[in-house]
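Worksheet: one structure, shown below.
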Amino acid sequence: MAAPLPAAVAVPRPAVALRIECGREGFARAREFTRETLRGWSLAHCGDDAALVVTELAANAATHAVPYAPPGAAQVWLGLALDAAHLVLTVSDPCDSRPIPAAAGHGLLEHGRGLCIVDALAEEWGWSPSPPAGKTVWARLSARPPH
């Protein structure tokens, strides 16, 4: 079952978006965009975790959604939104199917741990359908500075 988007996604303040090119350069640009944006929002302390979450969600979209998208519909979008206490990262893709975390006990596999990493870094994550087609996977990270 899809979890609803957090309120910060519905009414973001501030918010930015970037179309992600699915490939090494595109993922590098998404990470740099994330870090630059967070520095501008005085949230550089969130940069490493946010960049890792963005990379994992974008890689999942590129691997599990883009190859199966109808021609011309294979776009992947990154969104960053900030509320009073949280940074919300979103990756939207053209696939309707829900994200499926890897089964427990597969820790030594080279692939398939992305959502486990997202789960470990985020306070909460989920997904929502994006009618007429596609979905948005989101992760909410604390925006509070470390103690």
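Scope of the values below: all heavy atoms of this structure, side chains included, with no hydrogens, waters or symmetry mates.
To the nearest 0.5 angstrom, R29 atom CZ is 9.0 Å from T34 atom OG1. Expressed to the nearest 0.5 Å, how far CH2 of W138 lies from OG of S92 amounts to 13.0 Å. Interatomic distance, CZ of R39 versus CD of E32, reported as 5.5 Å (0.5 Å rounding). To the nearest 0.5 Å, atom CD of residue E123 and atom CZ of residue R140 are 6.5 Å apart. In this structure, CG on L121 lies 12.5 Å from OG on S142, to the nearest 0.5 angstrom.
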Legend entry - side-chain contact (heavy atoms from CB on, under 4.5 Å) between V88 and L82, intermediate numbers included: CA-CA 6 Å; V88 179; L82 183 63; over 6 Å; no

Inset, instruction - Start with the C-alpha distance between W125 and L115, add both sets of side-chain angles, then the distance that settles side-chain contact (heavy atoms from CB on, under 4.5 Å), and finish with yes or no. - result: CA-CA 9 Å; W125 73 274; L115 291 176; 3.9 Å; yes

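The shortest distance between side-chain heavy atoms of N60 and V137 does not fall below 4.5 Å. Looking only at side-chain heavy atoms (C-beta outward), V76 and C22 come within less than 4.5 Å of each other. Put simply, the side chain of T55 does not reach to within 4.5 Å of the side chain of V53, judged on heavy atoms.
Residue pairs that meet the salt bridge (Lys or Arg N to Asp or Glu O under 4.0 Å) test with at least one member in residues 86-95, sequence neighbours left out, are D93-K135. Sorted by first then second residue, the salt bridge (Lys or Arg N to Asp or Glu O under 4.0 Å) pairs that include residues 68-81, not counting sequence neighbours, number zero.
Of the possible polar contacts, one joining the H45 side chain to the A143 backbone as a donor-acceptor pair under 3.5 Å is found.
For the side chain to side chain donor-acceptor pair (under 3.5 Å) test, no residue two or more places apart in sequence or in another chain qualifies with R144. Annotation: side chain to side chain contact (heavy atoms under 4.5 Å, CB included) contacts of A58 (sequence neighbours excluded): I20, F27. The side chain to side chain contact (heavy atoms under 4.5 Å, CB included) test applied to R19 returns E21, Q75, W77, not counting sequence neighbours. By the side chain to side chain contact (heavy atoms under 4.5 Å, CB included) test, T37 pairs with V16, F33, W41, L80, sequence neighbours left out.
What you find for L78 and A30 is that their closest heavy atoms are CD2-O, 4.0 Å. The minimum heavy-atom distance between A50 and L141, with the atom names listed, is N-CD2, 3.9 Å.
Between the side chains of T136 and T90, no donor-acceptor pair is found at a separation under 3.5 Å.
At a threshold of 4.0 Å, the pair E36-R31 does not count as salt-bridged, since none of the basic side-chain nitrogens sits closer than that to a carboxylate oxygen.
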